[in-house]
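Note that these values count all heavy atoms, side chains included, but never hydrogens, waters or copies made by symmetry.
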Amino acid sequence: MKKQNINQELRQIILVRYYFKLKKEVKMYVVKMRGGYLCADGGPTKHLKFATTFDTKKKAEEVAEKRLRSDVSFKAVEKESEEYEQNKNIRFS
C-alpha cells in the first residue's frame, strides 16, 4: 500500500513539473510609435489587435529600423503590458 502511494505522489510531482515546463510564458513584442503601433503594411495602426507581433525585442527593433523613416521614434514593448495599460485606461476613464 505504501509503495502505491509513493508511486502516485511521484507521478503527481512529475506531472506538475511537466505542466510548468509547458506553461513557460512566451513574450510577444510590438513596435510602439507616435501614430500607434506598427502594422503589417508598414504604417501605423491605433488598434493593438492589428499590430504586427514579434517573438523577440531585437527582431521588432530591426524591422522598425528598416520600415520606418529615420525621424520617427519608436520603442519595442511587450504586447501583454500594452494590453494591460489599454484595459487600465478604459476602466478608469
Atom pair [atom1]/[atom2] of [X] and [Y] - distance to nearest 0.5 Å:
X: Lys75; Y: Met33; atom1: NZ; atom2: CE; value: 15.0 Å
X: Lys32; Y: Lys79; atom1: NZ; atom2: NZ; value: 14.5 Å
X: Arg34; Y: Asp71; atom1: CZ; atom2: CG; value: 6.0 Å
X: Arg67; Y: Thr52; atom1: CZ; atom2: OG1; value: 6.0 Å
X: Phe74; Y: Glu65; atom1: CZ; atom2: CD; value: 4.5 Å

| task | Please assess Leu38 against Val63 for the test side chain to side chain contact (heavy atoms under 4.5 Å, CB included), listing each intermediate value before the final yes or no. | result | CA-CA 10 Å; Leu38 182 67; Val63 170; 4.3 Å; yes
| For Tyr29, what are the other residues in its hydrophobic cluster, where any two members join if their side-chain heavy atoms are less than 4.5 angstrom apart? |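 Besides Tyr29, the hydrophobic cluster comprises nothing; the residue is isolated.
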| side-chain hydrogen bond (donor to acceptor under 3.5 Å, both in side chains) contacts touching residues 37-47 (sequence neighbours left out) |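 Applying side-chain hydrogen bond (donor to acceptor under 3.5 Å, both in side chains) to every pair that reaches into residues 37-47, excluding sequence neighbours, yields Tyr37-Glu82, Tyr37-Gln86.
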| Where Pro44 and Gly35 come nearest, the two heavy atoms and their spacing |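 Residues Pro44 and Gly35, closest heavy atoms: CB-O, 3.7 Å.
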